[in-house]
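A single structure is presented below for examination.
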Amino acid sequence: MKYSRISGMGHHLPEQVVTNKDLEKIIDTNDEWIVERTGIHTRRFIDPEKDTLANMAAKASRKALDRAGLKTQDIDFIVFATITPDYFFPGSGVLLQRELGLESIGALDIRNACSGFIYALSVADQYIKSGMYNNILVIGGEIQSTALDLSTRGRNTAVIFGDGVGAAVLTSSDSAGIHSTHLHSDGNYAEELYVRDPGSSRPREERQPEQILDTSGYKVYMNGNMVFKHAVVRFTEVIGEALETNGKAADDIDLLIPHQANLRISQFIQKRMKLSDDQVFNNIQRVGNTTAASIPIAMSEALEEGRISEGDLICLAAFGSGFTWASALITW
Ligand code: COA
């Protein structure tokens with residue numbers, strides 16, 4: 001029986017640190033409101049002159065490969081989770097393949113928003129278990145800043161999101177690293193957190209750039225209250241599902257790394273699951289919500305900070321647009 005394990009992690013954050021005070025200068029908002037409702041103090045925004053999703057992903061990937069003790073050429077396949085690809089099509093997986101100079105390996109893009117990294121990990125895990133590939137690069141990356149409505153009209157989303165990329169190398173192994181993944185969706189809530197355009201649901205005349213008068217469909221729409229209410233229920237459910245499947249209890253978790261949606265959501269889950277501060281990792285205070293990138297960035301930082309040791313039981317969990325939600329249970 002083949003299993004997969006994470007053999008290396010890396011992340012890359014763009015240099016520009018944007019504080020709540022910076023946002024106060026352009027949006028009718030304030031530091032106190034943002035910190036109280038979201039826990040966020042700073043986030044990173046790209047420099048459009050030099051940062052692209054593909055080049056940031058290459059930087060994160062090289063760190064992950066280095067830590068895995070592998071060369072770029074050892075990679076057999078790429079799974080890239082993002083909702084903000086460099087182009088509307090093709091996906092960013094092929095651009096990363098080009099950036100890394102990898103010859104003709106397959107590259108797959110996953111569009112499951114905040115749950116994207118766990119979906120990507122689950123797909124890669126199946127390829128490794130089936131024996132099809134030995135080393136897969138799994139990426140979660142986003143550039144949100146260029147799509148945000150940085151005006152008072154967009155303030156409920158503009159203050160939340162940030163940019164960054166996290167990368168994991170998944171490697172075939174004789175013992176289980178990834179024990180299970182659980183994936184869910186409920187499309188009834190698709191329009192509660194979405195960007196409508198340039199979707200194919202629009203009439204032809206509204207998809208022609210010269211005729212677009214109303215550009216609001218290109219900005220993130222979020223029903224924050226609705227997202228919050230569903231998130232706290234689904235996070236708890238899907239973590240419970242991971243534990244039950246593997247005969248574990250909340251006490252057994254060494255580190256829970258929840259998708260960094262909002263610090264209040266993470267704190268709610270921690271309280272409901274009776275987890276100690278040592279059992280939960282949060283970095284949203286510094287990084288903001290980076291959608292598909294949030295879990296791999298957090299994992300990479302947790303490793304750098306010595307919060308994860310060999311043999312630890314790690315639980316990943318996410319909830320977001322779709323709605324989709326997911327979990328993974330991993331022995332490090
Ligand atoms: N600064 C100041 N005021 C703001 C604001 C901002 N950035 N954004 C919204 N407001 C205002 C609203 O206009 C509203 O004012 P009103 O009462 O005069 O109409 C008031 O604050 C409350 O807005 P509401 O949207 O009800 O706030 P909330 O308490 O639900 O908090 C969120 C908003 C977005 C922080 C909260 O709903 C949330 O965290 N939801 C989860 C979202 C999430 O995690 N998304 C990530 C997806 S994975």
Side-chain angles (χ1 to χ4, degrees), residues 18-43 81-84 110-119 140-142 144-145 147-164 166 183-187 189-195 219-239 257-271 282-285 287-298 316-327:
V18 178
T19 65
N20 294 344
K21 291 274 175 215
D22 293 330
L23 294 179
E24 276 180 19
K25 291 176 198 150
I26 49 172
I27 301 174
D28 179 12
T29 188
N30 58 78
D31 178 59
E32 204 186 339
W33 191 97
I34 302 171
V35 172
E36 190 197 313
R37 310 281 176 122
T38 70
I40 299 168
H41 293 264
T42 60
R43 71 287 290 144
T82 183
I83 51 164
T84 53
I110 301 257
R111 288 168 48 89
N112 287 66
C114 304
S115 310
F117 181 75
I118 301 181
Y119 268 76
E142 305 288 357
Q144 301 280 5
S145 58
L148 292 173
D149 180 355
L150 292 173
S151 73
T152 298
R153 191 182 51 182
R155 65 183 179 176
N156 77 322
T157 50
V159 301
I160 291 178
F161 296 104
D163 304 337
L183 312 176
H184 296 282
S185 71
D186 186 349
Y189 299 96
E191 288 81 16
E192 302 298 345
L193 174 53
Y194 81 133
V195 174
K219 306 291 178 195
V220 183
Y221 168 80
M222 179 175 77
N223 179 345
N225 275 312
M226 178 83 87
V227 172
F228 196 102
K229 281 182 198 149
H230 284 258
V232 290
V233 173
R234 297 306 195 182
F235 261 112
T236 324
E237 259 176 33
V238 82
I239 295 168
I257 303 184
H259 160 56
Q260 301 292 291
N262 180 319
L263 190 61
R264 286 199 305 160
I265 294 179
S266 292
Q267 288 168 339
F268 193 97
I269 307 162
Q270 176 176 343
K271 201 167 162 200
N282 290 305
N283 65 357
I284 190 169
Q285 301 92 326
V287 177
N289 176 338
T290 57
T291 313
S294 92
I295 290 179
I297 292 173
L316 311 179
F319 176 89
S321 170
F323 291 150
T324 61
W325 59 103
S327 63

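In each ligand, atom 1 is the first atom listed, and ligand 1 is the first ligand listed. By convention here, the first residue in the shown sequence is residue 1.
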Ligand 1 versus Ala261: contacting region, heavy-atom distance under 4.0 Å: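 Both backbone and side chain.
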
Residue, atom name and distance, where the atom is the protein heavy atom closest to atom 12 (C) of ligand 1: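 I find the closest protein heavy atom is Arg155 NH2, 3.8 Å.
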
Atom 16 (P) of ligand 1 touched by protein heavy atom at under 4.0 Å: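 Under 4.0 Å from atom 16 (P) of ligand 1, zero protein heavy atoms found.
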
Non-hydrogen protein atom less than 4.0 angstrom from atom 20 (C) of ligand 1: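 Looking at atom 20 (C) of ligand 1, one finds that no protein heavy atom lies closer than 4.0 Å.
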
Closest protein heavy atom to atom 38 (C) of ligand 1, given as residue, atom name and distance to 0.1 Å: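 The closest heavy atom on the protein side is Asn262 ND2, 3.5 Å.
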
Short N-O contact, Asp28 and Arg155, less than 4.0 angstrom: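 Salt bridge: yes.
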
Identity and separation of the nearest protein heavy atom to atom 10 (N) of ligand 1: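 Atom 10 (N) of ligand 1 sits closest to the protein heavy atom Trp33 CZ2, 3.4 Å.
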
Nearest option to atom 34 (C) of ligand 1, as decided by whichever heavy atom of Arg37, Met222, Arg264 sits closest: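 It is Met222 that holds the nearest heavy atom.
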
Distance flag for atom 48 (S) of ligand 1, protein heavy atom under 4.0 Å: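 Neighbour list for atom 48 (S) of ligand 1 includes protein heavy atoms (cut-off 4.0 Å).
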
Nearest-contact summary for atom 1 (N) of ligand 1 - protein heavy atom, Å: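 Here the nearest protein heavy atom works out to Thr29 OG1, 2.6 Å.
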
Arg264 side chain vs Arg37 backbone, donor-acceptor pair below 3.5 Å: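 Looks like yes, one N/O pair under 3.5 Å.
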
Aromatic centroids of Phe319 and His259 separated by under 6.0 Å: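 Here the rings of Phe319 and His259 have centres that are no less than 6.0 Å from each other.
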
Protein contact for atom 44 (O) of ligand 1 (heavy atom, distance under 4.0 Å):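 It does; a protein heavy atom is within 4.0 Å.
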
Distance from atom 46 (C) of ligand 1 to nearest protein heavy atom, with residue and atom: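 Nearest neighbour among protein heavy atoms for atom 46 (C) of ligand 1, to 0.1 Å: Asn289 ND2, 3.3 Å.
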
Part of Ile34 with heavy atoms under 4.0 Å of ligand 1, whether side chain, backbone, both or neither: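 The answer is neither.
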
Steps toward side chain to side chain donor-acceptor pair (under 3.5 Å) verdict (Thr84, Gln144): CA-CA 7 Å; Thr84 53; Gln144 301 280 5; 5.2 Å; no

Winner among Ser266, Gly224, Ser294 once heavy atoms are compared against atom 40 (N) of ligand 1: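 Residue with the shortest heavy-atom distance to the ligand atom: Gly224.
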
Residue part near ligand 1, for Ile265, under 4.0 Å between non-hydrogen atoms: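 Just the side chain.
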
Atom 25 (O) of ligand 1 protein-contacted (non-hydrogen atom, under 4.0 angstrom):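 There is no protein heavy atom less than 4.0 Å from atom 25 (O) of ligand 1.
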
Contact partition for Thr291 relative to ligand 1, non-hydrogen atoms under 4.0 Å: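 For Thr291, there is no contact with ligand 1 at all, from either part.
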
Heavy-atom side-chain proximity of Asn282 to Pro258 below 4.5 angstrom: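 Asn282 reaches Pro258 side chain to side chain.
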
Proximity to ligand 1 by part of Asn225, non-hydrogen separation under 4.0 Å: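 Looking at Asn225 and ligand 1, atoms from backbone and side chain both fall under 4.0 Å.
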
Donor-acceptor pair, side chain of Ser321 and main chain of Ala113, under 3.5 angstrom: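 Such a contact is absent between Ser321 side chain and Ala113 backbone.
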
